[in-house]
Amino acid sequence: MVQYKRIGEMLLDAGLITPDQLDVAMKTKMGSTLRFGEILTALGFVSEEQVTQCLADQYGYRLADLTHAEPEKEALELVPSITALSGLVLPMKVTDDRFYCIIADPLDIPMTDSLFRMAGRPVEFALAPPSPLFDAISNAYGLNPAKRRKSLAPDQKPRPIENKRVGVKRKMKIDKQEDTFALLAALGSMQGAGA
């Protein structure tokens with residue numbers, strides 16, 4: 001009989017966190033809509049990769065190698081970019097009987113059910129850490145701002161965003177890690193509000 005272990009227990013058993021860190025994370029989790037692994041990562045106790053490895057071990061998923069991920073156009077067309085980004089899912093391939101995706105959270109049942117409905121066939125998952133997966137999704141859908149800047153002519157500069165109401169121009173500051181955590185926190189609070 002397989003014994004279920006929570007992710008905190010797995011990380012503790014692996015020597016990746018201390019009992020004190022587990023206690024801090026458990027207290028932080030109370031009243032939060034974030035998943036426990038997200039809290040441990042946000043507190044800086046473990047990396048996204050370590051949490052993803054534990055999820056893969058816990059649920060029997062394989063880890064995806066995003067450096068070689070080349071999604072097929074047909075797969076990308078099944079999932080709108082906003083859904084892919086908000087659900088942290090990268091559609092990879094569609095066959096007659098399967099839809100292959102890379103996902104950050106295999107326990108996001110509404111997302112996994114939605115993917116099944118979009119594809120009309122069973123979905124097979126591999127796991128990847130959230131931040132690199134977010135970047136891979138942005139690249140796959142052509143949403144990567146750095147890539148767009150590179151595609152500009154050498155004499156062109158990105159246009160500043162203009163606030164139409166007051167006519168003020170300002171440049172946006174993008175902090176990849178901070179923005180990713182903000183997106184995850186916003187998504188977590190939206191999911192909590194809908195539950």
Roughly how far, to the nearest 0.5 Å, is OG of Ser86 from CD1 of Ile137?
9.0 Å
Just wondering, do [Y] and [X] contact through their side chains at under 4.5 Å, heavy atoms?
X      : Y      : answer
Pro130 : Thr52  : yes
Leu11  : Phe45  : no
Glu38  : Asp105 : no
Leu12  : Gln21  : no
Val123 : Thr112 : no
Leu66  : Pro132 : yes

Please answer: with hydrophobic residues joined when any side-chain heavy atoms are less than 4.5 Å apart, are Tyr61 and Leu55 in the same cluster?
yes
Here the pair of heavy atoms bringing Phe99 nearest to Val79 is CZ-CG2, 3.9 Å
Keeping the roles fixed (side chain from [X], backbone from [Y]), state whether a donor-acceptor pair exists under 3.5 Å.
X      : Y     : result
Thr41  : Gly37 : yes
Lys93  : Glu70 : no
Glu124 : Arg98 : no
Arg121 : Thr95 : yes

Looking at Ile82, I want to see if its CD1 is surrounded by more than 12 non-hydrogen atoms of other residues, nucleotides or ligands under 6.0 Å.
no
